Amino acid sequence: MLSTHPAGVQSGRQFLPKVTDASPNQELLPLTARINSSDRLEIGGCDVTTLVEQFGSPLYILDEDTLRNACCQYREAFKKYYPGESQVLYASKAWSCLAVCAIASQEGLGIDVVSGGELYTALQAGVSPDKLYLHGNNKSLEELKLAINSGCTIVVDNWHELRTLGHWSSVIGNSDTNDPVRIMLRLTPGIECHTHEYIRTGHLDSKFGFDPNQLDEVFAFVSQHSALNCVGLHAHIGSQIFEQQPHQDLAGVMVQWLDKASSYGLQMQELNVGGGLGIRYTEADDPPSIEAWVKGVCTAIQNACVTQQIALPKLLCEPGRSLIGSACVTAYTVGSSKTVPGIRTYIAIDGGMSDNPRPITYQSVYRAVVANKMSAPATQTVTIAGKHCESGDILIKEATLPPSEPGDILVVLATGAYNYSMASNYNRLARPAAVVVKAGEANVILRRETYQDLMRQDCLPARLSSET
Ligand code: LLP
């Protein structure tokens, strides 16, 4: 039997009622999180501790309702605030796999892919090519050909790619239809925002996109290549952004570029303002809601179009983190511990930087709870250590938790974005399984790797074999 209160997080206790009606990106927990009568955390109607018994540890647990809710909030907000056509794309770099692409696609989203592998995954998930956009600052010829042959839109990043496409599109065109190749142009808007420098992309000193100073040359080139159908412009200013102003400034700048394109006879109808809306990883994070973000962008685009006196373009955006980040948690099993007197207590779990490389890469801060004792008072501050041979393999430097013991299930929150997709096999750890939960049912969406999986690319030349 479920307790009457939904789960939320507050200091002192592990869980108290959460904010209601908030946007998923403003929640620490998946929307369906509850504490059940056994005092355990439940997500999507499934007891997390039981899921670990069933599917093993560590385990990524994706809440389908939260992901669908976030997709729906983006979709509906565009309907509400933008009178023109719009399309939300899921930035699948956040987590690319068949099930996630299928859910996003069922919710009416298109998919932003950034490699042949992500493109192949989205195609295999049944996503319609006219809703697929291929990004990347150094796409291979093979990736470009796959994109052209599958009929998706290519977001051209630089001169090398533009010239290559100018050549190839006239040679191979779109294999079935012979239509011109559908492209967009990515530009670097020169807009600064406050986020980690590794995940900032809109400032001029960025490896991505054309410099706006090159616009005239780029537009002239595109207008002379009839095998290229340039449908619009793209920019992305960075990730985990809480301020609204940079995206609104971006909207204004992009509409000016669109206007300029028309002076080259280019009839571009699409503007893609990228992704970047942040999420709440800890109580200290305070991102705007999905609806507020969409409203801000839509208003800015409409105002800029009035100023430039141009028709409303089809408006696209491509969020990743704010769609899937808070829909997933990672469950680990607590193992050893070590107290350094007067300094700290380390609690070790059975995963670490290989399943979540964000703390060691970006010094990201996460929140955790002990899933099998949800009402226990959080009286200890401990350091959650991973199991890798690396001192920096610390998942949470200061976690406030109830006293825990080996076998407890530690759950790290908001691990849906850039966790599985950035996971590695460092120290030959097998990647964990992932399950999707909904209405009390759990299904595997990514199988746990085995030792055989870890060896699948290994080759032992005969001369190195001990039998020769
Ligand atoms: N569009 C483009 C062109 C992007 O480069 C990105 C993210 C997105 C959309 C989606 O951004 P989002 O809505 O998820 O913020 N690994 C880093 C994040 C890298 C983001 C890369 N680009 C992290 O774990 O924080």
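Not measured: the values here are computed from a predicted model. Each ligand, and each atom within it, is numbered from 1 in the order the structure gives. We number each residue from 1, following the sequence as shown.
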> Does G274 reach ligand 1 with a nitrogen or oxygen that is under 3.5 Å from one of the ligand's nitrogen or oxygen atoms?
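No; the residue has no nitrogen or oxygen that sits under 3.5 Å from a nitrogen or oxygen of the ligand.
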> Less than 4.0 Å is my threshold; does some heavy atom of G276 fall inside it relative to ligand 1?
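Yes, G276 has heavy atoms under 4.0 Å from ligand 1.
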> Would you call the rings of W95 and Y420 parallel, tilted or perpendicular, where under 30° means parallel and over 60° means perpendicular?
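It falls in the parallel class, under 30°.
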> Under 4.0 Å from a heavy atom of D112: give me the atoms of ligand 1 that qualify, with their elements.
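What qualifies from ligand 1 is 1 (N), 9 (C).
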> Please identify which atoms of ligand 1 are closer than 4.0 Å to at least one heavy atom of A91.
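Taking each heavy atom of A91 in turn, ligand 1 has 8 (C), 9 (C), 10 (C) under 4.0 Å.
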> Can a side-chain donor-acceptor contact be found between S57 and T333 if the only test is distance below 3.5 angstrom?
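Yes - a donor-acceptor pair under 3.5 Å links their side chains.
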> Taking 4.0 angstrom as the limit, do D157 and K207 come out as a salt bridge?
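The answer is no: the pair does not qualify as a salt bridge.
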> Given Q240, R358, H234, E318, identify the one with the heavy atom nearest to atom 9 (C) of ligand 1.
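Answer by nearest heavy atom: E318.
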> Can you confirm, on distance only, whether ligand 1 has an N/O atom lying under 3.5 Å from any N/O atom belonging to R321?
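Yes - when backbone and side-chain N and O of R321 are compared with those of ligand 1, one distance drops under 3.5 Å.
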> Is the shortest N/O to N/O distance between S239 and ligand 1 below 3.5 Å?
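Yes, at least one N or O pair falls under 3.5 Å.
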> Distance under 4.0 Å to a non-hydrogen atom of P319: what atoms of ligand 1 satisfy this?
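So the answer, numbered in order with elements, is 13 (O).
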> Between E398 and R344, is the closest basic N to carboxylate O distance under 4.0 Å?
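Judged by the 4.0 Å cut-off on N to carboxylate O distance, R344 and E398 do not form a salt bridge.
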> Give the contacting part of Y362 toward ligand 1: side chain, backbone, both or neither, where contact means a heavy-atom distance below 4.0 Å.
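The side chain, only.
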> Using 30° and 60° as the class limits, which term best fits the ring planes of W293 and H247: parallel, tilted or perpendicular?
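Correct class here is perpendicular.
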> Quick one: do the R431 and Y60 side chains pair a donor with an acceptor below 3.5 Å?
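No.
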> Report the C-alpha separation of D393 and K387 in whole Å, then their side-chain angles, then the decisive distance to 0.1 Å, and conclude whether the salt bridge (charged side-chain N to carboxylate O under 4.0 Å, His left out) test is met.
CA-CA 7 Å; D393 177 28; K387 64 176 281 166; over 6 Å; no
